[in-house]
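Heads up: numbering here begins at 1 and tracks the sequence.
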Amino acid sequence: MTNASKDFGEFDYVIVGGGTAGCVLANRLSADPEVSVLLLEAGGKDDWIWIHIPVGYLFCIGNPRTDWCYRTEPEPGLNGRSILYARGRVLGGCSSINAMLYLRGQARDYDEWAALTGDARWNWNSVLPVFKSSEDHCQGGDSLHGSGGEWRVERQRLRWDILDRFAEAATQAGVPASGDFNRGDNEGVSQFEVNQRRGVRWNTSKAFLRPALKRPNLKVVTGALIDRLILDGRAARGVEFLQGGVRYAVRARSETVLTAGAIGSPAILQRSGIGPAAALQDGGIAVRHDLPGVGGNLQDHLQLRMIFKVQGIKTLNRQANSLWGKAMMGLEYALFRTGPLTMAPSQLGLFTRSHAGAATPDLEYHVQPLSLDKFGEPLHDFPAFTASVCNLRPASRGSVFIRDADPASAPAIAPRYLTHDADRLTAARALRLTRRIVSQPALAPYRPQEHLPGSGGESEQSDEALAHAAGNIGTTIFHPVGTCAMGRADDARAVTDSELRVRGIGRLRVVDASIMPTITSGNTNSPTLMIAERGAQLIRAARRRTG
């Protein structure tokens, strides 16, 4: 603690970050009345109406009220482009601004985690009950789904003929229909299920934090920008944070838990002198613990947004560009909580293989009855749909590293998309597959015409030409993970062990998406929630052991 810091007191647990994982941990740890818990969040309360109306993600992403508004470094694989890198800066974190899609990934993802960590508690059979424990599925509980938990899962409250025809085209192209993407094998085409309750976004602040706020042993502080950890030798004793221009120091009697996400958690460690020594020294940071993996191993899903103009079938473009259409959408939502204002960013999903040799699906599609040039711009004035496809298991690896010691400075984010040859080949295959689906009889009556990236001539159909085209249209689907990866003791890249403890630093854990050694085969929000549930179990078990 520095001399300039005001004393904020002492708590048993200090949780750093009020996003998806932080809200879960605040609930689970404060359930024990014998402990005191402090939750620190840099953003504000989730009390803005556009957080809760599902289509409001359009106003939340890229808005400093709810988003850190990061950008990547210029990406070689994206032909030199820098892109928006949204991260939630509000209670609920990314669950307050994301796509609301409930997806766990594949069984193989978690079996791989167990192999990489040597800990069977991370395999599919072990994490499935953790997923179920907090789930409240609209169809009730069974061997795969939970009922009565905090995390509500519902079917979407709208449909589009164009999406039904795309689903039919996918089956004609050999992709089977699916009734459930969360059974461990997500192959097939189906409507996504969403984290909503009767047409309203269901974020982790509503689900987990608000029910716990009445507990006298839980304190929540918003507007708290975390500077660095307070270290006593090789043990964490709390954090220093800034609020309203004042620096505070708060102590943790038991543990400090970083839940600031795949960008925030490594940045806090680095500002505290924990990370690769040479890079810290180059940045003028005093090295407290040389931990080479901090900020490395960044993985993300890159979506390739292919757009097709259509004729003779309704899409959202014309409706959203009409004052009458907007009025009718608003009225439908106000009266029934149905229609386009309940839309998740994607309604139709598809999981399939990019080639016959793939052991499990390695592609995910997000299909939308709309099109636009880029996020934040108006929808096109012609009818069209978007078929976004992403490589579920990218081989490219990037990094997150602070630029300086100022906690208000955005770190350098370099995902390194499409820099591995395997990813470039998968991108080429994905574009070809999309074209094959769109060419099926189910869509033929609507005369689909490729708008982006544009089919071009024969010379533009090689693997390399298609990979270059992918670099022009590719953008993040906002799934960064892996920058504080868990692993075995002999893995030099591992930042945390299988109990999420930071290697070489006592009384400190990371419990968020950054601990994933490899990215899950689908959207990452609910897997992060599962990690928080598991982390809470581990923390409470450690307290029982130490008395």
Side-chain angles (χ1 to χ4, degrees), residues 44-63 65-67 86 88 90-103 136-139 150-167 190-207 210 313-349 366-372 375-381 383-386 388 478 523 525-526:
K45 296 180 180 179
D46 60 323
D47 54 3
W48 190 32
I49 188 171
W50 287 116
I51 293 173
H52 307 291
I53 298 175
V55 80
Y57 71 90
L58 291 168
F59 305 103
C60 292
I61 293 177
N63 186 332
R65 178 172 182 166
T66 49
D67 182 3
V90 63
L91 286 176
C94 290
S95 76
S96 294
I97 68 172
N98 71 356
M100 297 163 282
L101 305 184
Y102 180 69
L103 292 162
D136 183 24
H137 196 276
C138 60
Q139 292 189 309
E150 295 90 347
W151 199 225
R152 182 65 176 171
V153 180
E154 295 186 349
R155 299 192 182 281
Q156 297 191 57
R157 299 165 70 89
L158 75 167
R159 61 171 296 278
W160 293 86
D161 287 342
I162 185 63
L163 298 184
D164 292 343
R165 300 292 77 75
F166 190 96
S190 180
Q191 291 278 328
F192 287 119
E193 293 180 324
V194 291
N195 294 120
Q196 294 181 11
R197 185 179 289 279
R198 295 185 291 276
V200 177
R201 177 189 289 273
W202 194 244
N203 66 356
T204 57
S205 177
K206 288 179 190 173
R210 291 186 193 178
I313 194 167
K314 182 180 176 181
T315 73
L316 185 61
N317 287 9
R318 291 278 168 84
Q319 187 176 3
N321 284 316
S322 157
L323 289 176
W324 175 251
K326 290 177 181 177
M328 293 305 295
M329 289 190 293
L331 183 62
E332 180 180 2
Y333 186 77
L335 293 176
F336 307 111
R337 294 291 188 265
T338 60
L341 267 65
T342 69
M343 284 175 58
S346 302
Q347 296 78 55
L348 183 70
H366 295 80
V367 192
Q368 306 147 340
L370 55 85
S371 66
L372 68 169
F375 191 86
E377 295 193 0
L379 301 187
H380 291 139
D381 61 1
F385 68 87
T386 301
S388 290
F478 308 121
N523 298 53
N525 189 247
S526 288

| said: With heavy-atom distances below 4.5 Å as the criterion, would you say the side chains of F478 and C94 are in contact? | reply: no
| note | P383 and I313 have their tightest heavy-atom pair at CB-O, 4.3 Å
| field | Ring centres under 6.0 angstrom apart (Y102, H137) | value | no
| Flag side-chain contact, heavy atom, 4.5 Å: R197 against K206 | no
| query | Do the side-chain N and O atoms of R210 and N203 include a donor-acceptor pair separated by under 3.5 angstrom? | reply | no
| message | Are there over 12 heavy-atom neighbours, none belonging to L335, within less than 6.0 Å of that residue's CG? | response | yes
| Between P369 and Q347, what is the shortest heavy-atom contact and its length? | CD-OE1, 2.7 Å
| Taking Q156 for the side chain and F192 for the main chain, is one N or O donor matched with an acceptor at less than 3.5 Å? | yes
| Side-chain heavy atoms of E193 within contact of E154, under 4.5 Å | no
| task | State, yes or no, whether a side-chain contact exists between S322 and M328 at a heavy-atom distance under 4.5 Å. | result | no
| query | Any idea which heavy atoms bring Y333 and H52 closest together, and the distance? | reply | OH-O, 4.3 Å
| Hey, are the side chains of V55 and W50 touching, using non-hydrogen atoms and a 4.5 Å cut-off? | yes
| note | Nearest heavy-atom contact between S95 and W151 is CB-CH2, 4.3 Å
| query | With no hydrogens and no angle check, is any side-chain donor or acceptor of S346 less than 3.5 Å from a backbone partner on Q368? | reply | no
| message | If we ignore hydrogens and angles and just use 3.5 Å, is the side chain of W202 paired with the main-chain N or O of E150 as donor and acceptor? | response | yes
| Would you say the side-chain atoms of N525 pair up with the backbone N or O of L101, donor to acceptor, closer than 3.5 Å? | no
| said: Just so I know, are the side chains of W48 and S96 near enough to count as touching, which here means a heavy-atom distance under 4.5 Å? | reply: no
| Salt-bridge present (R65, D67; N to O < 4.0 Å) | no
| task | In sequence, state the C-alpha distance, the side-chain angles, and the governing distance for L370 and T315, and then conclude on side-chain contact (heavy atoms from CB on, under 4.5 Å). | result | CA-CA 6 Å; L370 55 85; T315 73; 6.0 Å; no
| message | Using only atom types and a distance under 3.5 Å, with no angle test, would you say the side chain of D161 pairs donor to acceptor with the backbone of K314? | response | no
| In terms of the angle between their ring planes, are F166 and F385 parallel, tilted or perpendicular, with boundaries placed at 30° and 60°? | perpendicular
| request: Over all heavy atoms of both residues, which pair between H380 and N317 is shortest? Give the atoms and the distance, please. | output: O-CB, 3.2 Å
| task | Looking only at non-hydrogen atoms, find the nearest pair between Q319 and W160 and report the distance. | result | OE1-CH2, 3.7 Å
| query | Between N195 and V153, is any pair of side-chain heavy atoms under 4.5 Å apart? | reply | yes
| message | Does any part of the side chain of L316, heavy atoms only, come nearer than 4.5 Å to the side chain of M329, both counted from C-beta? | response | yes
| Checking side chain to side chain donor-acceptor pair (under 3.5 Å) for the pair R159/Q191: CA distance, chi angles, key distance, verdict? | CA-CA 9 Å; R159 61 171 296 278; Q191 291 278 328; over 6 Å; no
| Do the side chain of R157 and the main chain of R337 share a donor and acceptor less than 3.5 angstrom apart? | yes
| remark: d(L158 CG, T342 OG1) to nearest 0.5 Å is 4.5 Å
| Rounded distance (nearest 0.5 Å) linking atom CG of L379 with atom CG of D381 | 10.0 Å
| request: For the pair T386 (side chain) and S388 (backbone), establish whether a donor and an acceptor sit closer than 3.5 Å, ignoring hydrogens and angles. | output: no
| query | Has the side chain of R201 got a donor or acceptor atom that lies under 3.5 Å from a matching backbone atom of N98? | reply | yes
